[in-house]
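Here is the structure we will look at, set down as structure tokens.
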Amino acid sequence: MYDTIVIGGGPAGLTAALYTVRKEMKTILVSPDIGGQMLLTNEIENYPGFESVAGYELADKMEAQVRKYPVTIEYASVEKFRKGKDGTFTVSLDDGQELHGRTLIVTAGKRNRTLDIDGEARLTGRGVSYCATCDAPFYRNKVTAVVGGGDSAVQAAMELAAIGTKVYLLVRSRIRASEILVNRLNKLPNVEVMIGYSPVRITGDKKVDGVDIRNNSSGEESHIEVDGLFVEAGGIPNNAYLPEEVAVNGKGEILTDKDGLTNVPGLFAAGDVTDREAKQVVIAAGEGAAAALSAHAFLLRNE
């Protein structure tokens, strides 16, 4: 029996595990990977203590710090969990294991949102990508397009522009990225920002050769020739394992208070899987710490 089971290995989960083990709580962290969405971020420039740090590097540093303590890390995915009549939690993993914990902290983050348009599934891995950090180097001296209007989309466009000949940034409605990033983007001569355009189909036989786009105002369709398409359309919370009694919002995000408490006693949540609006590494880490301290206080009250 663990004092707490942490689901998720991103900044929220790693921070939560760090705090619980330092409170001498028997802790296990369960995740298919370590780093979460940080692994998909090229450079992080707004995490305190680092003027600029690669996402994978920050993840490595967080993991190394956690591993200095007696935390068990299990590389697996959670299929479901339930709360028993005795108040403890049983977590079922995809490898057949069952874990038992007195408290549970969910920090499972989110997964990439797809466009659900013609050609996307067929050409994924053949020119359609969801990770500029991973795949941008393959598009040196090539033409690419990025779909999205947030920070990640603008960062992807800038990364591709640094090595490519031209980048189209397709923004359905408005740019939501920070002013600093937008100002940097606007200085790049090989980036064309197309606001009010949506992709409707991706063309190509064995690999991407273009994208059909629609003007959202006029409905007129046109075609741009590209060698690759990067989708930066936000994320969907990883929540398929949640029992019905856990309260979520319309997006499927877990409802929590400022301390990470959910509507289920003993169940806490933090990071991108929750309903907190700002999705940032530093905020996820802070929420992970808050949820861990709340779990510790819960155990003290129920000893």
Side-chain angles (χ1 to χ4, degrees), residues 6-22 27 29 31-69 71 73 105-112 130-136 146 148-162 175-185 230 232 234-235 237-238 253 256 258-260 268-294:
V6 179
I7 300 175
L14 290 168
T15 306
L18 179 65
Y19 270 68
T20 56
V21 73
R22 284 174 58 86
T27 301
L29 184 150
S31 180
D33 59 47
I34 298 296
Q37 292 289 310
M38 285 192 293
L39 300 178
L40 306 181
T41 304
N42 184 38
E43 292 292 327
I44 297 173
E45 297 181 328
N46 55 3
Y47 194 87
F50 296 91
E51 183 175 341
S52 178
V53 61
Y56 74 87
E57 183 180 354
L58 184 57
D60 286 346
K61 289 181 179 295
M62 287 185 176
E63 180 184 4
Q65 185 175 9
V66 170
R67 286 189 179 276
K68 290 182 178 180
Y69 298 91
V71 175
I73 296 180
I105 304 175
V106 178
T107 68
K110 60 187 179 181
R111 63 188 183 278
N112 292 316
Y130 303 88
C131 179
T133 300
C134 310
D135 298 332
V146 177
D151 284 355
S152 61
V154 172
Q155 286 178 325
M158 292 191 296
E159 185 175 352
L160 289 160
I175 293 183
R176 306 180 306 279
S178 69
E179 185 177 350
I180 292 176
L181 289 177
V182 173
N183 288 338
R184 291 181 185 175
L185 180 75
F230 289 79
E232 297 286 349
N238 293 314
E253 299 168 330
T256 68
K258 63 182 178 61
D259 297 315
F268 308 87
D272 288 1
V273 76
T274 72
D275 63 325
R276 307 299 283 272
E277 184 174 350
K279 310 294 188 184
Q280 297 289 316
V281 173
V282 67
I283 293 175
E287 290 178 2
L293 294 175
S294 295

(request) Could you tell me whether the side chain of D151 and the main chain of S178 form a donor-acceptor pair under 3.5 Å? (result) yes
(message) Using the rule side-chain contact (heavy atoms from CB on, under 4.5 Å), only one of V53, L58, N46 pairs with V281; which is it?
(response) L58
(request) Test P237 against every option in D272, V106, V273 by the side-chain contact (heavy atoms from CB on, under 4.5 Å) rule and name the one that passes. (result) V273
(message) What I'd like to find out is whether the side chain of F50 reaches to under 4.5 Å of the side chain of I44, using heavy atoms alone.
(response) no
(request) Answer whether the closest heavy-atom distance between the side chains of L29 and I34 falls below 4.5 Å. (result) yes
(request) Could you tell me whether the side chain of I180 reaches within less than 4.5 Å of the side chain of R184, counting heavy atoms only? (result) yes
(message) Can a donor-acceptor pair be found, under 3.5 Å and without considering hydrogens, that links the side chain of Q37 to the backbone of K110?
(response) yes
(message) Any heavy-atom pair between the side chains of I105 and T20 that's under 4.5 Å?
(response) yes
(message) Nearest 0.5 Å, please: how far is CZ in F268 from OG1 in T274?
(response) 14.5 Å
(message) Tell me the closest heavy-atom pair linking Y130 and E232, and the distance in Å.
(response) O-OE2, 4.2 Å
(request) Please check if the side chain of S294 supplies one atom and the backbone of A290 the other of a donor-acceptor pair under 3.5 Å. (result) yes
(request) Would you check if L181 and M158 make a side-chain contact, meaning some heavy-atom pair closer than 4.5 Å? (result) yes
(request) Tell me, yes or no, whether the heavy-atom count around R22 atom CZ, taken from other residues, nucleotides or ligands under 6.0 Å, exceeds 12. (result) no
(message) As an exercise, state the distance from CE of M38 to NZ of K61, rounded to the nearest 0.5 Å.
(response) 12.5 Å
(request) Could you pull out the closest heavy-atom pair between T15 and A285, with the gap in Å? (result) CG2-O, 3.2 Å
(message) Ignoring hydrogens, what is the shortest heavy-atom contact between N238 and A108? Give both atom names and the distance.
(response) ND2-O, 2.9 Å
(message) Tell me if the OH atom of Y47 is crowded by more than 12 foreign heavy atoms within 6.0 Å.
(response) yes
(message) Are L18 and Y69 packed together at the side-chain level, in the sense that at least one heavy-atom pair is separated by less than 4.5 angstrom?
(response) yes
(request) Would you name the heavy atoms of A157 and L185 that are closest together and state the gap between them? (result) CB-CD1, 4.0 Å
(request) Heavy atoms only: give me the nearest F230-C131 pair and the separation to one decimal. (result) CE2-O, 3.9 Å
(message) Contact between T107 and E287 at the side-chain level, heavy atoms closer than 4.5 Å - yes or no?
(response) no
(message) Ignoring hydrogens, what is the shortest heavy-atom contact between L39 and A59? Give both atom names and the distance.
(response) CD2-CB, 4.1 Å
